[in-house]
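The structure presented is a predicted model; accordingly, all values stated were derived computationally and were not measured. First the proteins, then the strands, lettered A, B, ... as listed; each starts at 1.
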Protein chains: 2
Amino acid sequence: MSAFTALQRLQWSALDETQREAALRRPAQQTRADTAAAVSAILQRVRADGDDALRELGARYDGVALDDFAVGEDEFEAAQRELSPALRAAIDQAGRRIGAFHAAGMSAPYAWDSGDGVRCERVLRPIQRVGLYVPAGSAPLPSTALMLCMPARLAGCPEIALCTPPRRDGRADPAVLYAAASCGVRRVYKLGGAQAIAAMAFGTASVGKCDKLFGPGNAYVTEAKRQVALLEGGAAIDLPAGPSEVLVIADAGARAEFVAADLLSQAEHGPDSQVLLLSDDAALLDAVDACIAEQLRQLPRAETARAALAASRSIRVESVAAAMEVSNRYAPEHLILALRDARAWLPQVQAAGSVFLGDWAPEALGDYCSGTNHVLPTSGAARYAGGVNVASFQVAITVQEVQPRGIAAIGPCAVELATAEGLDAHRLAVALRLEQVAA
Amino acid sequence: MSAFTALQRLQWSALDETQREAALRRPAQQTRADTAAAVSAILQRVRADGDDALRELGARYDGVALDDFAVGEDEFEAAQRELSPALRAAIDQAGRRIGAFHAAGMSAPYAWDSGDGVRCERVLRPIQRVGLYVPAGSAPLPSTALMLCMPARLAGCPEIALCTPPRRDGRADPAVLYAAASCGVRRVYKLGGAQAIAAMAFGTASVGKCDKLFGPGNAYVTEAKRQVALLEGGAAIDLPAGPSEVLVIADAGARAEFVAADLLSQAEHGPDSQVLLLSDDAALLDAVDACIAEQLRQLPRAETARAALAASRSIRVESVAAAMEVSNRYAPEHLILALRDARAWLPQVQAAGSVFLGDWAPEALGDYCSGTNHVLPTSGAARYAGGVNVASFQVAITVQEVQPRGIAAIGPCAVELATAEGLDAHRLAVALRLEQVAA
């Protein structure tokens, strides 16, 4: 691949509507039909043959044949011993911060009493059985274990299963194990890919069936989650996952080397990651191109980043206000406001997964340890959904408690509406009680 | 159809696991393949031909050809004039109660400042463009208009579109219009069925494209929502909708005529509605059967109810505690606790859409005017999702603001984790800033 010179540059005001749509289009998703068929076959096999299918698929795809998928106490202990004190401390610190931010945002039950004998409430319950997926393909992701385990624990889910692919030596990544255990999650299975999703969605002799599945993954994992969410008797899922993406809005005062590093830290996730840079300052766009070229020379994963950058763009806009409009239309997973007055622009943000204000908030902080969650809406889903949080692991149940004087107060309203809607048994269920109250 | 004599009676303790699963199985969904193909064709037509397709499909399925789908001011005014004062008052009262309960449960933005130069926040934004569907097939449902419009308004959604099928005379149901207008929703389109969903999901010249769609509907509407939620460039949806269902747990002290009326008010929704009655008292089960037979003789929609009752069951359990276990496993949309100490049993409820405590809280109150929402999870989705509420119309966005001393405090943690995960550009994005801060 040739050396990087510059991001594809567009000028927003010169584009017509069709060109604007094209400029903000996400890279096309992968060969969906092939993946879908392969995943469907895997789901069927696991549903039919359970653990036997998991063993065979694990041998084929992870290159290791395991008798027992569950991580035992000795493996947890070995993980703790093996990890450097510095890494343990980092996982602990990130876990504390994630826990503190997520705990502060937990919903509370509430009640509304109308004073006439009717009391309505909303109570919260943990989802009983949740399944977490922590990838370990190109690299194991202990940070993802924290992002999923911490809110699940805060919600109080009684059964939390975590699947993560085994290494070639048959062990799970020690940092992932340490992160899970630090949140009190000890039911960890060495299972990866679509078969892990299938095991948690349908249940096998080893792995309990889950009500809802969480976590990022490769194209197979994502497709498996999509398919089980559609199946009768499958499991719900957290978010429709797509490739990761960042949109940066930078003004003339932004530091080009910081912006370049932020774009590259998104681009290194994968060749289908998308990166957009918006600025009203052409010199800044030039400077960022130069810094990207410079930094690429230092990066081991430069090939991946170059592929992602080839599909990425820098867009010259007339003003920061125009940039905010483009961003709201794109609805990025990550939005970096490398602006002199970033805080003042926050009210203009209508749709984004997570926002980073100013020069000192690189996306990488949110990925690891600011305290916010890094499982976020991609592919424009930020228009209608937020990232994973404690409420993602809870169900809200409404309740009504009615005294005899309460039905006397509001029963006639229900009778009137039931009559208008032609629902006679509804009317009768209220009218019978009204008669009794009157009697 | 022969006269009703009794619900199919089962004894839970006598059933093996397979029989228990069968006892709680929802009635099979309708001929999915036919419906799916028909709906897919409708979606494609509307996507390609916009308003022309809507006109033609409206003429075919709603029996009325409209030039203009939008409801004008004159039609709103006529609706207000035509409605009886009693019905207007009932809609107003229900709207006030729904508004009060939903407003009391709104999420708030929050911030967590760790005191070391890092501040994390969650801010809330309304979903910008929402589409509401209010059925008017067997009967128009002004109550559903309230249940959707009220939380959308409370969330502050700037663009709210509502579709409801036209009557044969080309007008919308006046009660639906009055309910919508009472919530400030005046962008109402006379469109029904899968084509209404398509119009809101893709946009046409008349109807703006929406980010998220809400509301119940028949099998075509439900399938259309399912399909647009899966399409690239489609719209998100509120809940996977299935036939309505109620589970009643009644003890020996319950009033059989109330229980029978509650079961029938569920059964009259449609032939695929499901009704389950659980009791530890055989005499109560017998008495309810007798009351159902009696009440059926008074009901205009008795045929529909009889069909639903044929697929419904009464289950004798050993104890109320056993009934709670069965209910949590079934995860009903509506759960009526016709128990002497209903409040004491509430903590045992793990999964249900909405719960009705005691003898004086018929489901019909929740359908209309207790204040809770009647758009609720069906088909067991209550295991992982709650009903529609204000948050359903909002997105939560996380934010991080970091001072130079903030990155000095937590940057090393991110560097350590990025190194462990082999994400070198992530490490670099933080390390570059740490150098600057130290300099």
Worksheet item: Less than 6.0 Å separating the ring centroids of B/Phe393 and A/Tyr384?
Response: no
Item to complete: Examine whether an atom of B/Ala385 lies under 4.5 Å from a heavy atom of chain A, and if so say whether it belongs to the side chain, the backbone or both; otherwise answer neither.
Response: backbone
Fill in: Contact winner vs chain A - B/Val118, B/Leu141, B/Asn328, heavy-atom pairs under 4.5 Å
B/Leu141
Practice prompt. Check whether any side-chain heavy atom of B/Glu268 sits under 4.5 Å from a side-chain heavy atom of A/Leu423, and report yes or no.
Written response: yes
Worksheet, complete the sentence: From the list B/Val430, B/Val349, B/Ile91, the residue making the most non-hydrogen contacts under 4.5 Å with chain A is B/Val349
Discussion item. Distance alone, cut at 3.5 Å: any donor-acceptor contact between the side chains of A/Thr372 and B/Thr398?
Written reply: no
Worksheet item: Heavy-atom distance under 4.5 Å to chain B: side chain of A/Val415, backbone, both or neither?
Response: neither
Practice prompt. Just give me the residue among B/Leu296, B/Asp367, B/Thr419, B/Leu337 that pairs up with chain A most often, heavy atom to heavy atom, under 4.5 Å.
Written response: B/Asp367
Worksheet item: Heavy-atom distance under 4.5 Å to chain B: side chain of A/Ala382, backbone, both or neither?
Response: backbone
Response to the item:
Residue from B/Ala391, B/Ala267, B/Gly353, B/Gly371 scoring the most non-hydrogen pairs under 4.5 Å with chain A is B/Gly353
Fill in: Per-residue contact mode, A/Ser392 against chain B (heavy atom under 4.5 angstrom)
neither
Discussion item. Can you tell me which of B/Ala414, B/Ala261, B/Pro362 forms the most heavy-atom pairs within a distance under 4.5 Å of chain A?
Written reply: B/Pro362
Item to complete: Below 4.5 Å from any heavy atom of chain B, which atoms of A/Asp424 appear? Answer side chain, backbone, both or neither.
Response: both
Worksheet entry | Salt-bridge criterion met for A/Asp262 and A/Arg255 (N-O under 4.0 Å) | no
Item to complete: Give, as side chain, backbone, both or neither, the part of A/Ala136 having an atom under 4.5 angstrom from any heavy atom of chain B.
Response: neither
Worksheet item: If you take all heavy atoms of B/Leu83 and B/Ala175, which pair is closest and at what distance?
Response: CD1-N, 3.7 Å
Worksheet item: Salt bridge or not for B/Arg97 and A/Asp116, using N-O below 4.0 Å?
Response: yes
Practice prompt. Could you verify whether a donor N or O on one side chain and an acceptor N or O on the other, from B/His426 and A/His269, lie under 3.5 Å apart?
Written response: yes
Item to complete: Could you tell me whether A/Glu121 and B/Arg343 make a salt bridge, using a distance below 4.0 angstrom between a side-chain N and a carboxylate O?
Response: yes
Worksheet item: Where on B/Ala89 is there a heavy atom nearer than 4.5 Å to chain A: the side chain, the backbone, both, or neither?
Response: neither
Item to complete: Using a cut-off of under 4.5 Å on heavy-atom pairs, state which of B/Ala100, B/Gly386, B/Ala305, B/Ser265 scores highest against chain A.
Response: B/Ser265
Worksheet item: With a 4.5 angstrom heavy-atom cut-off, which part of A/Ala409 approaches chain B: side chain, backbone, both or neither?
Response: backbone
